[in-house]
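The model shown is predicted, which means the values in this text are computed figures rather than measured ones.
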Amino acid sequence: MKKIELKGNANLGGLVSIVAVPPTAVYKLSKIKNIAEFEYDDTHAIEIYCTDGTMFYNRNTEDGISISGSTPRIGADGEQLFRQLEVGYWLVVFEDNNGETRLAGDMCNQLAFRRTETTGVLGERNEIKWEFWGKTMNEPLFVLSIS
C-alpha cells in the first residue's frame with residue numbers, strides 16, 4: 001500500500017510573501033518533475049505588501065489558480081505599480097508560512113491580476129483586495145533555487 005506522509009509540523013496556513021515577475025524578466029526556468037530552478041531580473045519584479053493574515057493560495061481543477069490578498073490604502077507610487085500589474089501577465093513566486101517557496105505560472109501560462117478597492121464601512125478596513133488568477137497546465141512548482 002502507498003501512503004501519503006505528512007511533513008512534520010508543516011501545516012501552517014497562509015502566505016508570507018508574494019513577488020510578481022514579468023515573463024520578459026525571466027533568465028532561466030528549468031523544471032524537473034515538480035521542482036524548479038528559477039532566475040529572473042528583480043529590477044522588473046514587484047513585491048506586494050499585504051496585511052498579515054490576508055494572503056492565500058488556492059488551486060482547483062475547475063477554476064485554476066488564485067493567489068489573493070489585501071493591501072492597505074497606497075500612495076501614488078503604489079498605485080502606479082498596481083496599474084502595471086493590471087496590464088500584464090505574470091509568473092508569481094510565493095512563500096507560505098511553512099517556508100516552502102513555489103512558482104505559479106510558466107512561460108506558456110501566466111497569471112492575470114485584478115483588484116477591488118473599498119473604503120469599507122465604519123469599523124472595517126479601508127483596503128485593496130487583489131488576486132492573481134488563471135488556468136495553468138501544471139500546479140505551482142516548488143522552487144529549489146531563486147537567483
Using atom types as modelled and distance alone, determine if a side-chain donor or acceptor of T136 lies under 3.5 Å from a backbone N or O of G105. no
Are the side chain of N98 and the backbone of E100 linked by a donor-acceptor contact shorter than 3.5 Å? no
From [X] atom [atom1] to [Y] atom [atom2], the distance as rounded to the nearest 0.5 Å:
X	Y	atom1	atom2	result
L144	N34	CG	CG	11.0 Å
F38	L91	CZ	CG	5.0 Å
M55	S68	CE	OG	10.0 Å
T71	Y49	OG1	OH	8.5 Å
L15	T54	CG	OG1	9.5 Å
L29	M107	CG	CE	7.0 Å

Take E117 and E79 through the test side chain to side chain contact (heavy atoms under 4.5 Å, CB included) and record every step on the way to the result. CA-CA 11 Å; E117 293 185 48; E79 176 63 28; 4.1 Å; yes
Residues passing the side chain to side chain contact (heavy atoms under 4.5 Å, CB included) test with S30, sequence neighbours excluded, are K28, E37
Set of side chain to side chain contact (heavy atoms under 4.5 Å, CB included) partners for K33, sequence neighbours left out: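 With sequence neighbours excluded, K33 shows a side chain to side chain contact (heavy atoms under 4.5 Å, CB included) to no residue whatsoever.
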Within a radius of less than 6.0 Å around CG of D77, do more than 12 heavy atoms belonging to other residues, nucleotides or ligands occur?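 Open.
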Crowded around F82 CZ? As in, over 12 foreign heavy atoms under 6.0 Å? yes
Which residues pass the side-chain hydrogen bond (donor to acceptor under 3.5 Å, both in side chains) test with T24, not counting sequence neighbours?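 So T24 forms no side-chain hydrogen bond (donor to acceptor under 3.5 Å, both in side chains) with any residue.
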Which residues pass the salt bridge (charged side-chain N to carboxylate O under 4.0 Å, His left out) test with E86, sequence neighbours left out?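 Counting only residues at least two positions away or on another chain, E86 forms a salt bridge (charged side-chain N to carboxylate O under 4.0 Å, His left out) with R115.
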Residues in salt bridge (charged side-chain N to carboxylate O under 4.0 Å, His left out) with K135, at least two apart?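 Expected list: none.
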Same cluster (ILVMFWY, side-chain, under 4.5 Å), V93 and Y89: no
If hydrophobic clusters are built from ILVMFWY residues whose side chains come within less than 4.5 Å, do L81 and L111 share one? yes
Any idea which heavy atoms bring [X] and [Y] closest together, and the distance?
X	Y	result
R102	V143	C-CG2, 3.7 Å
A36	L141	CB-CD1, 3.7 Å
F132	A20	CZ-CB, 3.6 Å

Ring pair (Phe, Tyr, Trp, His ring centres under 6.0 Å) against Y57, all qualifying residues, sequence neighbours excluded: F94
Check whether any side-chain heavy atom of I48 sits under 4.5 Å from a side-chain heavy atom of L85, and report yes or no.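 Yes, at least one pair of side-chain atoms sits under 4.5 Å.
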Would you call the rings of F113 and W130 parallel, tilted or perpendicular, taking 30° and 60° as the class edges?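 Parallel.
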Apply side chain to side chain contact (heavy atoms under 4.5 Å, CB included) to V92 and I65, showing your working. CA-CA 11 Å; V92 180; I65 292 173; over 6 Å; no
